[in-house]
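Below, chain A is the first sequence line, B the second, and so on; all start at residue 1. Computed over heavy atoms, backbone and side chain alike; hydrogens, waters and symmetry mates excluded.
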Amino acid sequence: MRMRDRLQECIDKAMRDLGLDPQVPGARLERPANPNYGDWSSNVSLVAAKTVGRNPRDLAGELAAVISASPPPHLVNVEVAGAGFVNFHLEPGYLHEVLVDVVIQGERDYARSQLGKGERVQIEFVSANPTGPLHVGNGWWGAYGDSLARVMARCGYEVSREYYVNDTGGQIRRLGMSLLARLRGEPVPQEGYQGAYVAELAKSYEGPDDDVMTAGRWAAEVILENIKRTCQSMGIHFDEWYSQASIEESGAVAQTIAILAERNLVEEEGGATWLRSTKLGDSRDRVLIKSNGDPTYLAGDLAYHRDKFIVRGFDRVIDVFGADHHGQVASLLSGVRALGIDPDRLEVKLGQMVSLVDGQAAGKMSKRAGNFVPLDDLIADIGPDATRLLSLMSSVDQATTLDLDLVRQQSMDNPVYYVQYAHARIASIDRVAKERGLALAPLSQVNLSLLAHERELELLRCLDELPDVLVEACEARAPSKITTWVRALAGRFHGFYHDCPVLGSAGGEGVDPDLMQARWWLVEAVRIGLAIGLDLLGVRAPESM
RNA sequence: GCGCUCGUAGCUCAAUGGACCAGAGCAUCUGACUACGGAUCAGAAGGUUGGGGGUUCGAAUCCCUCCGAGCGCGCCA
């Protein structure tokens with residue numbers, strides 16, 4: 001059992017002994033930044049004092065007294081500090097147990113959680129229209145969705161990743177018009193797609209030059225294949241590529257509108273069919289069928305979400321949109337509510353915009369205007385790993401600025417190298433040990449208590465945190481927390497590596513053999529931690545660089 | 001005009017309402033290689049967390065307001 005869980009049990013038991021409810025909302029057990037405040041610290045009495053009507057310091061004192069009457073293993077001292085914190089001071093032996101946990105559970109089982117309890121979650125992300133190549137923003141939100149899926153899967157959710165392909169409607173028509181214009185050497189219409197890639201596509205188009213929709217569908221198909229290739233090159237994986245056209249053709253749209261009509265939420269007006277969403281508190285009504293008979297995007301989207309929740313039966317759906325699409329969130333949520341689906345089951349994450357600076361020029365990206373930086377170009381410049389790590393450094397809520405010039409020139413100082421280098425160094429230690437004919441002794445025969453250097457303890461503390469970081473990342477839907485942790489672990493490893501030789505110089509002098517074995521196992525534990533973290537981020541853990 | 005998302009070191013970003021140090025990296029300055037990979041390590045400097053109010057034992061975090069930025073507000077998708 002982890003030390004954290006043991007301490008939590010002690011606190012809960014102490015609360016019960018004092019006749020109080022151990023379930024205190026807002027109570028947390030955390031690692032204080034300041035080492036003077038111990039290894040772990042609980043704010044339970046501060047939070048509980050409000051509802052119980054007690055002085056927090058007094059309550060904390062009673063808790064500390066109860067706990068120290070039957071202390072858990074490794075506890076040196078428990079004390080009250082500040083306004084009423086309960087601080088636990090431990091002897092470092094518990095950290096050696098962490099090492100054993102990491103090594104025995106390994107890459108597959110360390111830092112797993114059953115938080116999700118097998119709940120079925122669908123994460124829909126990227127879903128960029130197949131009217132042009134993915135841009136850098138798509139890559140960032142794509143890495144986010146993909147890593148979130150990995151994090152949630154490790155937390156016991158059954159995750160399905162989906163790309164909604166908008167392969168129908170006016171944009172396909174515009175794409176076809178643009179392609180045919182290029183084919184005939186005519187100027188591309190104002191509302192068409194101006195990008196050079198359309199001209200490239202036109203060169204290999206062999207269909208009729210007078211059928212806009214055929215040309216548009218053909219181009220969209222080719223572009224979608226390229227999008228799939230781009231995603232693959234960044235390690236972004238999808239379980240489903242769901243076609244909007246298939247929804248419309250299946251009759252699901254009409255069916256969905258019929259359901260809304262049964263609920264008396266649909267009316268005709270001005271030749272169009274409206275969803276009276278104002279009846280449910282929406283700020284305005286929404287059109288479902290245009291007066292020309294075509295369904296709106298919203299109608300298709302509602303049919304699609306009904307399919308997610310009702311037909312396919314997902315417990316929870318997470319949609320990752322670019323912030324430029326946040327205008328559709330309100331209508332989607334009120335539409336889902338109108339369908340009788342609990343809107344709490346739908347989470348919409350808005351990925352903030354990625355603005356690009358190249359030297360000085362900063363331009364607004366637009367697929368129609370054709371002036372955007374393709375994701376492929378960035379990947380070609382800095383590689384897929386750097387692209388992923390950079391995108392996962394900041395939270396999705398944070399609008400970021402990427403200076404292409406800087407990223408290219410300083411690629412050697414890119415954080416991805418710092419992290420991967422740590423992993424490669426570990427592999428290198430193993431290689432050198434093998435060359436010297438050294439063997440790693442069985443863990444049970446190794447004296448781990450030799451690991452007492454602050455650098456060593458620091459590493460173990462960091463490894464101990466991973467299960468908590470994983471859960472936090474999952475609950476906050478924030479895989480960037482994994483990035484922060486991985487960088488911290490890598491940093492501590494580099495410090496350890498600098499101060500604590502594992503194998504010593506050639507010939508083996510300089511390091512006591514028992515200490516060597518203990519450190520070697522520590523290094524193995526770090527390797528496991530890095531591998532888990534990097535896998536969650538979708539970044540490779542290389543043996544050499 | 002209304003709405004959404006934001007505003008943290010010179011730059012890019014961290015910090016589930018917690019504690020006399022708000023942290024990293026880059027850039028700047030100074031040190032450390034006859035040890036397993038120096039793509040590293042150690043140190044210095046850098047802040048009124050956009051301004052102002054409020055809630056709280058306690059605020060970068062929650063509320064109000066002002067300023068600033070981005071994005072939305074269609075019978076486009």
Side-chain angles (χ1 to χ4, degrees), chain A residues 26 28 30 32-34 36-37 41 43 46-47 49-50 55-57 81-85 87 129 131 166 168-172 174 191 244 270-274 283-284 286-292 294-298 300-301 322-330 350 352-353 355 364 390 393-395 397-403 406-407 410 412-415 417-418 420-422 424-433 435-436 471-472 475-476 478 480-481 483-484 487-488 491 493-499 501-511 516 519-520 523 544-545:
Chain A
R28 286 198 315 276
E30 59 183 13
N34 187 335
N36 294 332
Y37 299 138
S41 176
N43 66 343
L46 283 165
V47 183
K50 283 177 190 169
N55 177 308
R57 268 198 80 98
F85 290 96
N87 293 343
N129 297 341
T131 53
N166 296 259
T168 179
Q171 60 186 337
I172 298 299
R174 277 193 291 274
E191 70 277 19
Q244 181 179 3
T273 303
W274 291 75
S283 58
R284 48 159 299 187
R286 316 278 177 175
V287 175
L288 293 171
I289 297 177
K290 303 182 231 173
S291 49
N292 71 1
D294 289 344
T296 59
Y297 178 83
L298 175 64
D301 212 17
D324 53 341
H325 286 106
H326 80 247
Q328 64 190 256
V329 175
L350 292 176
Q352 287 302 306
M353 306 305 285
S355 36
K364 181 185 154 109
L390 277 175
M393 291 245 293
S394 55
S395 91
D397 306 323
Q398 179 76 34
T400 61
T401 307
L402 187 63
D403 189 330
L406 221 58
V407 172
Q410 298 182 345
M412 282 318 216
D413 293 318
N414 193 298
Y417 293 94
Y418 186 80
Q420 291 185 323
Y421 184 48
R425 271 183 150 173
I426 291 171
S428 174
I429 290 173
D430 290 341
R431 274 195 302 273
V432 170
E435 283 164 21
R436 294 184 189 171
V471 168
E472 283 167 21
E475 288 180 326
S480 62
K481 288 178 186 294
T483 312
T484 304
R487 294 177 69 201
F493 176 75
H494 286 308
F496 160 80
Y497 185 92
H498 187 265
D499 289 353
V502 178
L503 305 175
S505 56
E509 303 100 10
V511 182
M516 180 190 83
R519 283 185 173 164
W520 199 350
V523 166
S544 65
M545 302 183 63

Consider the side chain of [X], meaning its heavy atoms from C-beta on, and name the nucleotide among [options] that approaches it most closely.
{"X": "A:V47", "options": "B:A77, B:G18, B:G37", "value": "B:G18"}
{"X": "A:V432", "options": "B:G70, B:C75, B:G37", "value": "B:G37"}
{"X": "A:R436", "options": "B:C41, B:A77, B:C36", "value": "B:C36"}
{"X": "A:A81", "options": "B:A19, B:A15, B:C36", "value": "B:A19"}
{"X": "A:L46", "options": "B:G3, B:A77, B:G18", "value": "B:G18"}
{"X": "A:S291", "options": "B:A77, B:C75, B:A19", "value": "B:C75"}
{"X": "A:K481", "options": "B:A15, B:G70, B:C41", "value": "B:A15"}
{"X": "A:H326", "options": "B:G72, B:C41, B:A19", "value": "B:G72"}
{"X": "A:T484", "options": "B:A14, B:C75, B:G37", "value": "B:A14"}
{"X": "A:Q352", "options": "B:A77, B:G37, B:U5", "value": "B:U5"}

State whether the side chain of [X] and the backbone N or O of [Y] hold a donor-acceptor pair below 3.5 Å, judged by distance alone.
{"X": "A:T296", "Y": "A:V287", "result": "yes"}
{"X": "A:H494", "Y": "A:Y418", "result": "yes"}
{"X": "A:R425", "Y": "A:S544", "result": "no"}
{"X": "A:H498", "Y": "A:G495", "result": "no"}
{"X": "A:Q328", "Y": "A:D301", "result": "no"}

Looking at every strand, decide which applies to [X] at a 4.0 Å heavy-atom threshold: base, sugar-phosphate, or nothing.
{"X": "A:G270", "answer": "base"}
{"X": "A:S480", "answer": "nothing"}
{"X": "A:Y497", "answer": "base"}
{"X": "A:A323", "answer": "sugar-phosphate"}
{"X": "A:Q420", "answer": "nothing"}
{"X": "A:N55", "answer": "nothing"}
{"X": "A:S544", "answer": "base"}

Under 4.0 Å between a side-chain N or O of [X] and OP1 or OP2 of [N]?
{"X": "A:R425", "N": "B:G38", "answer": "yes"}
{"X": "A:S395", "N": "B:A14", "answer": "yes"}
{"X": "A:R174", "N": "B:A77", "answer": "no"}
{"X": "A:K290", "N": "B:G74", "answer": "no"}
{"X": "A:R519", "N": "B:A35", "answer": "no"}
{"X": "A:Y418", "N": "B:C41", "answer": "yes"}

C1' spacing across the pair B:G50 / B:G7, given as an integer number of angstrom: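 To the nearest whole Å, 6 Å.
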Most 5' of A:I429 and A:H494 on RNA chain B, judged by nearest nucleotide: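 Looking at RNA chain B, the more 5' nearest nucleotide goes with A:I429.
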A:L350 or A:R487, whichever maps to the more 5' nucleotide of RNA chain B: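 Mapping each residue to its closest nucleotide by heavy atoms, the 5'-most match is A:L350.
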Dot-bracket notation for RNA chain B, counting Watson-Crick and G-U pairs under 3.5 Å, with | for partners on another strand: (((((((..((((....[....)))).(((((.......))))).....(((((..]....))))))))))))....
B:G18 base stacked by A:F85 (centroids within less than 5.5 Å, tilt under 30°):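 Aromatic stack with B:G18 absent for A:F85.
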Stacking of A:Y37 on B:A19 base (centres under 5.5 Å, planes under 30°):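 Stacked: ring centres under 5.5 Å, planes under 30°.
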Do [X] side-chain and [N] base share a donor-acceptor contact under 3.5 Å?
{"X": "A:S428", "N": "B:C36", "answer": "no"}
{"X": "A:H498", "N": "B:G38", "answer": "no"}
{"X": "A:N43", "N": "B:A19", "answer": "no"}
{"X": "A:S41", "N": "B:A19", "answer": "yes"}

Output the rounded distance in Å from [atom1] ([X]) to [atom2] ([N]).
{"X": "A:D294", "N": "B:C76", "atom1": "CG", "atom2": "P", "value": "9 Å"}
{"X": "A:Q171", "N": "B:G74", "atom1": "CD", "atom2": "C1'", "value": "15 Å"}
{"X": "A:L390", "N": "B:U12", "atom1": "CG", "atom2": "P", "value": "14 Å"}
{"X": "A:E472", "N": "B:G17", "atom1": "CD", "atom2": "P", "value": "11 Å"}

Spacing of CG belonging to A:L503 relative to CG belonging to A:D430, to within rounding of 0.5 Å: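 It is 8.5 Å, given to the nearest 0.5 Å.
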